[in-house]
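To start, the structure under review is shown below, and the notes come after it.
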Amino acid sequence: MKDWHIKHMENTVIKHVKGLSPDATRYQKKMHYKYGGIVKILRYIEYDKKHGVKNEDVIAILEKLRTDSSFEDIRGIEGFLDRLKEIESSIANAPATKILTRNS
């Protein structure tokens, strides 16, 4: 089950750093607005952490995105580096309780 959560976390991060396609349909834009923000991405990562994914796994995926040749096409997308840095800084600076709780 841990392998599934690692793969889910990887797919979630990749989807976020890719961003929204310039020729996205209205439905894709709606779903991206609803589920694609940084807060949602961090919640998904925290969910996967509860099920066995470690911080080292998250950092490994981020480094893999930054350096691995299989992700060369993703690195060419405009805004990739900004979204990747946003995830890195959010993971490094925010505890899980801050991410998952609402301000009342």
Side-chain angles (χ1 to χ4, degrees):
M1 194 68 174
K2 179 183 174 184
D3 295 332
W4 184 90
H5 285 284
I6 290 174
K7 188 68 176 166
H8 178 260
M9 185 261 315
E10 181 178 356
N11 290 338
T12 303
V13 171
I14 289 172
K15 189 184 297 184
H16 180 71
V17 297
K18 274 186 175 179
L20 192 60
S21 171
D23 59 342
T25 64
R26 283 182 52 192
Y27 179 75
Q28 289 171 330
K29 290 177 184 177
K30 179 181 175 182
M31 290 297 107
H32 181 74
Y33 177 76
K34 190 172 183 180
Y35 300 110
I38 186 67
V39 173
K40 294 282 187 174
I41 300 303
L42 294 176
R43 283 184 184 168
Y44 295 146
I45 292 172
E46 289 300 321
Y47 170 78
D48 291 328
K49 281 183 181 179
K50 287 181 182 178
H51 291 87
V53 176
K54 297 180 180 169
N55 282 337
E56 294 82 21
D57 298 327
V58 177
I59 293 168
I61 294 298
L62 296 175
E63 283 300 315
K64 187 175 168 185
L65 279 169
R66 190 180 288 275
T67 60
D68 197 88
S69 62
S70 62
F71 296 109
E72 183 102 12
D73 55 333
I74 296 175
R75 285 195 294 272
I77 297 174
E78 183 179 336
F80 161 81
L81 194 57
D82 296 333
R83 289 186 289 271
L84 186 65
K85 286 181 181 179
E86 182 180 34
I87 292 175
E88 288 174 342
S89 66
S90 297
I91 289 174
N93 297 330
T97 54
K98 185 176 179 183
I99 295 169
L100 297 176
T101 57
R102 295 181 184 160
N103 293 334
S104 299

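Just so it is clear, the model here is predicted, and its values are computed rather than measured. When reading the values below, keep in mind they use all heavy atoms of this one structure, side chains included, and skip hydrogens, waters and symmetry mates.
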- request: Check the pair K29, H32 against side chain to side chain contact (heavy atoms under 4.5 Å, CB included), reporting the backbone distance first and the verdict last.
  value: CA-CA 5 Å; K29 290 177 184 177; H32 181 74; 5.7 Å; no

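The environment of K2 atom NZ is dense: over 12 non-hydrogen atoms of other residues, nucleotides or ligands sit within 6.0 angstrom. At most 12 heavy atoms of other shown residues, nucleotides or ligands fall within 6.0 angstrom of atom NZ in K15.
Legend: residues meeting ring-ring contact (aromatic ring centres under 6.0 Å, His included) with H51, ordered by chain and number and at least two apart, are H5, Y47. Scanning for side-chain contact (heavy atoms from CB on, under 4.5 Å) contacts around K30 gives an empty result, with sequence neighbours left out.
Put simply, I91 and V39 are part of the same group of oily side chains (I, L, V, M, F, W, Y) that touch within less than 4.5 Å, one to the next. Two different hydrophobic clusters hold I41 and I59 under the rule that ILVMFWY side chains link at heavy-atom gaps under 4.5 Å.
Contact detail for Y35 and K40: the closest heavy-atom pair is O-CB, 3.6 Å. Taking both residues in full, the closest heavy atoms of I38 and S90 are given as CG1-OG, 4.1 Å, listed atom of the first, atom of the second, then distance. Taking every heavy atom of both residues into account, D57 and G52 meet most closely at OD2-O, 4.4 Å. Between D68 and R75, the closest heavy-atom pair is O-NH1, 2.7 Å.
Distance CD1/I6 to CG/N11: 12.0 Å, rounded to 0.5 Å. Between the CD atom of E56 and the CD atom of E63 there is a distance of 13.0 Å, given to the nearest 0.5 Å. If you take CG on L84 and NE2 on H16, they are separated by 9.0 Å, rounding to the nearest 0.5 Å. If you take OH on Y44 and NE2 on H8, they are separated by 7.0 Å, rounding to the nearest 0.5 Å.
Two residues are said to be in side-chain contact when any heavy atoms from C-beta on lie closer than 4.5 Å; F71 and I14 meet this criterion.
Under a 4.0 Å N-O distance rule, the pair E86/R83 does not qualify as a salt bridge. Salt bridge annotation for E46-R43: absent, with no cationic side-chain nitrogen under 4.0 angstrom from a carboxylate oxygen.
The only member of I61, L65, V17 that meets side chain to side chain contact (heavy atoms under 4.5 Å, CB included) when paired with I87 is V17.
Between the side chain of D48 and the backbone N or O of I45 there is no donor-acceptor pair closer than 3.5 Å.
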